[in-house]
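Residue numbers begin at 1 in each chain, while the letters A, B, ... track the order of the sequences.
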Amino acid sequence: MTEQADALHRRVLEWYAREQRDLPWRRPDASPWGVLVSEVMLQQTPVVRVLPVWQEWLTRWPTPADLAAEAPGEAVRAWGRLGYPRRALRLHAAGTAIAERHGGRVPGTVAELRELPGVGEYTAAAVAAFAFGRRVAVVDTNVRRVEARLVTGVQHAAPSLTTAERQVAESLLPQSDSDAKVWNVAVMELGALVCTARAPRCSDCPVESSCAWVANGRPAYVGPARRGQAWAGTDRQVRGRLLQVLRESDGPVPHDRLREVWDDEVQRERCLDGLVADGLVEPVGEAEFSLPRAGRAR
DNA sequence: AAGCCGTGGCT
DNA sequence: TAGCCAAGGCT
């Protein structure tokens with residue numbers, strides 16, 4: 001470890017010790033299950049929206065087996081308006097897998113975690129690092145942005161995680177397990193609070209003096225236009241409306257009530273079929289629908 | 001391997 | 001205001 005890297009680590013770790021947010025899944029008493037639930041909820045969803053739902057979930061389902069014992073539809077209902085509700089279904093399936101294959105305990109290796117539904121490269125690394133103290137690089141959108149600026153000297157990271165980014169992240173990981181664990185969360189926090197996507201607060205940054213992007217004069221992004229996601233009129237909007245009706249209803253809902261949320265019949269029925277195919281909705285009898293009430297083989 | 005999958009706050 | 005963006009995963 002060079003002195004330069006050592007100084008970088010020290011500055012970031014000291015900054016984190018001073019500025020970190022008090023989040024419940026970071027506390028020492030947070031269980032691996034609590035960490036896993038938080039990581040899945042935080043996929044593409046801001047911390048402030050996750051906080052109350054995470055509290056409710058962990059109170060109601062303190063262990064994976066508690067969630068597995070429920071109908072999957074209850075997970076979808078308790079998901080509320082976090083978005084991407086398939087994550088609720090996957091978390092339920094993960095709880096079931098943990099109960100059945102791992103004796104009810106969240107597995108602690110990246111390889112085992114990756115086998116769980118809804119757990120990809122990022123989430124597996126995050127749970128292994130934060131819940132089990134493993135020395136693995138945790139590379140989320142915050143880390144990618146911080147390292148794109150700090151090391152590569154560009155404003156934005158690539159559209160998706162590259163091999164080069166993995167290598168950079170691993171090369172920056174401190175040698176000791178204890179420092180590595182804090183480093184991962186500290187870089188994420190730096191990206192969330194200081195090295196933000198839109199208006200980075202470089203004057204508050206502990207490593208501004210070593211930042212390649214700052215040294216370059218903070219050049220604006222150059223390259224092909226970055227693609228946003230359409231929303232109005234898309235299937236996602238229709239699916240969201242259909243599911244909202246079902247979430248807010250106690251029992252099965254008549255098909256007629258679902259017709260009210262979207263006029264275009266072709267699109268509406270396609271979306272309803274899609275929700276059923278995804279396991280988010282279950283047909284009941286001839287003309288009713290509900291959230292999924294039983295386990296489902298998929 | 002691009003495109004799809006929710007939701008809401010911010011600029 | 002209309003994008004942009006938020007601790008991604010899956011196909």
Side-chain angles (χ1 to χ4, degrees), chain A residues 16 20-21 23-26 30 34-54 76 79-91 93-94 113-131 136-147 155-163 165 169 184-193 195-200 220-221 224-247 261 270-271 274-275 277-281 298:
Chain A
Y16 180 74
Q20 62 176 287
R21 291 169 292 180
L23 301 175
W25 46 83
R26 286 182 185 163
V35 173
L36 174 58
V37 171
S38 78
E39 292 301 340
V40 174
M41 287 184 172
L42 287 163
Q43 293 168 3
Q44 303 286 283
T45 304
V47 166
V48 288
R49 223 178 302 164
V50 165
L51 279 168
V53 182
W54 183 89
V76 175
W79 196 252
R81 302 186 68 81
L82 288 184
Y84 293 145
R86 290 194 284 205
R87 293 182 291 163
L89 226 41
R90 292 177 186 145
L91 217 29
L113 287 161
R114 279 293 323 245
E115 297 297 313
L116 298 173
V119 177
E121 180 175 351
Y122 161 74
T123 303
V127 175
F130 302 147
V136 293
V138 181
V139 189
D140 77 325
T141 188
N142 290 300
V143 172
R144 295 179 60 220
R145 186 177 55 250
V146 169
E147 295 180 358
Q155 184 180 24
H156 298 299
S160 55
L161 182 61
T162 65
T163 302
E165 288 179 310
N184 278 316
V185 68
V187 177
M188 287 175 64
E189 192 78 335
L190 188 62
L193 299 183
C195 194
T196 55
R198 266 175 260 187
Y221 171 78
R226 302 190 296 152
R227 293 191 63 78
Q229 295 181 330
W231 171 247
T234 61
D235 285 3
R236 291 196 306 177
Q237 184 180 22
V238 180
R239 288 166 57 106
R241 287 196 188 180
L242 291 169
L243 209 53
Q244 182 179 3
V245 172
L246 293 170
R247 253 193 269 112
V261 306
R270 178 180 71 233
C271 289
L275 288 168
D278 288 345
L280 283 163
V281 173
R298 27 183 347 271

With sugar-phosphate taken as primed atoms, P, OP1 and OP2 and all else as base, the protein-contact string of nucleotides 2-8 of chain B at under 4.0 Å (heavy atoms; B, S, -) is ---BBBB
A:Ala158 backbone acceptor or donor facing A:Arg144 side chain under 3.5 Å: yes
Looking at A:Arg145 and A:Gly191, would you say the former's side chain and the latter's main chain have a donor-acceptor pair under 3.5 Å?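 Such a contact is found between A:Arg145 side chain and A:Gly191 backbone.
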Report yes if at least one side-chain N or O of [X] is closer than 4.0 Å to OP1 or OP2 of [N]; otherwise report no.
| X | N | result |
| --- | --- | --- |
| A:Arg226 | C:dC5 | yes |
| A:Arg26 | C:dA7 | no |
| A:Ser160 | B:dA1 | no |

How many angstroms lie between atom CD of A:Glu39 and atom CG of A:Asp140, to the nearest 0.5 angstrom?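 The distance works out to 8.5 Å.
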Qualifying residues under side chain to side chain donor-acceptor pair (under 3.5 Å), relative to A:Thr45, sequence neighbours excluded: A:Arg87
[N] [atom2] sits how many Å from [X] [atom1], rounded?
| X | N | atom1 | atom2 | value |
| --- | --- | --- | --- | --- |
| A:Leu36 | C:dG8 | CG | P | 15 Å |
| A:Leu193 | C:dA7 | CG | C1' | 12 Å |
| A:Gln155 | C:dC5 | CD | C1' | 13 Å |
| A:Glu121 | C:dT11 | CD | C1' | 17 Å |
| A:Glu115 | C:dC10 | CD | C1' | 14 Å |
| A:Leu161 | C:dG8 | CG | C1' | 11 Å |
| A:Arg90 | C:dG8 | CZ | P | 14 Å |
| A:Asn142 | C:dC5 | CG | P | 13 Å |

Taking all non-hydrogen atoms of both residues, which atom of A:Thr123 and which atom of A:Val40 are closest, and how far apart?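 Of all heavy-atom pairs spanning A:Thr123 and A:Val40, the closest is CG2-CG2, 4.4 Å.
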Looking only at heavy atoms, which two atoms of A:Ala128 and A:Val136 are closest? And how far apart?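 Shortest heavy-atom contact: CB-CG2, 4.3 Å.
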Look at all strands and tell whether A:Trp79 reaches a base, only sugar-phosphate, or nothing, counting heavy atoms closer than 4.0 Å. nothing
Which part of the nucleic acid, if any, lies within contact of A:Thr123, taking any heavy atom under 4.0 Å across all strands shown: a base, the sugar-phosphate backbone alone, or nothing? sugar-phosphate
If each of A:Arg114 and A:Leu42 is mapped to the nucleotide of DNA chain C with the nearest heavy atom, which maps nearer the 5' terminus, i.e. the 5' end?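 The residue mapped nearer the 5' terminus is A:Leu42.
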Please compare A:Glu189 and A:Gly228 by the position of their nearest nucleotide in DNA chain C and report the one closer to 5'. A:Gly228
When rounded to the nearest Å, what value does the distance between P atoms of B:dT11 and C:dA7 take? 15 Å
Take atom P in B:dG3 and the same atom in C:dC4, then report the distance between them in whole Å. 16 Å
Salt bridge (Lys or Arg N to Asp or Glu O under 4.0 Å) partners of residues 229-243 of chain A, not counting sequence neighbours, each pair once: A:Asp235-A:Arg270, A:Arg239-A:Asp278
C:dG9: pairing nucleotide in any strand, Watson-Crick or G-U under 3.5 angstrom: B:dC4
I want to verify a distance call: between C:dC4, C:dA6, C:dC10, whose nearest atom is closest to the A:Ala197 side chain? C:dA6
Quick check on side-chain contact (heavy atoms from CB on, under 4.5 Å): which of A:Met188, A:Arg21, A:Gln20 does A:Leu193 satisfy it with?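 Per the side-chain contact (heavy atoms from CB on, under 4.5 Å) rule, the option paired with A:Leu193 is A:Arg21, out of A:Met188, A:Arg21, A:Gln20.
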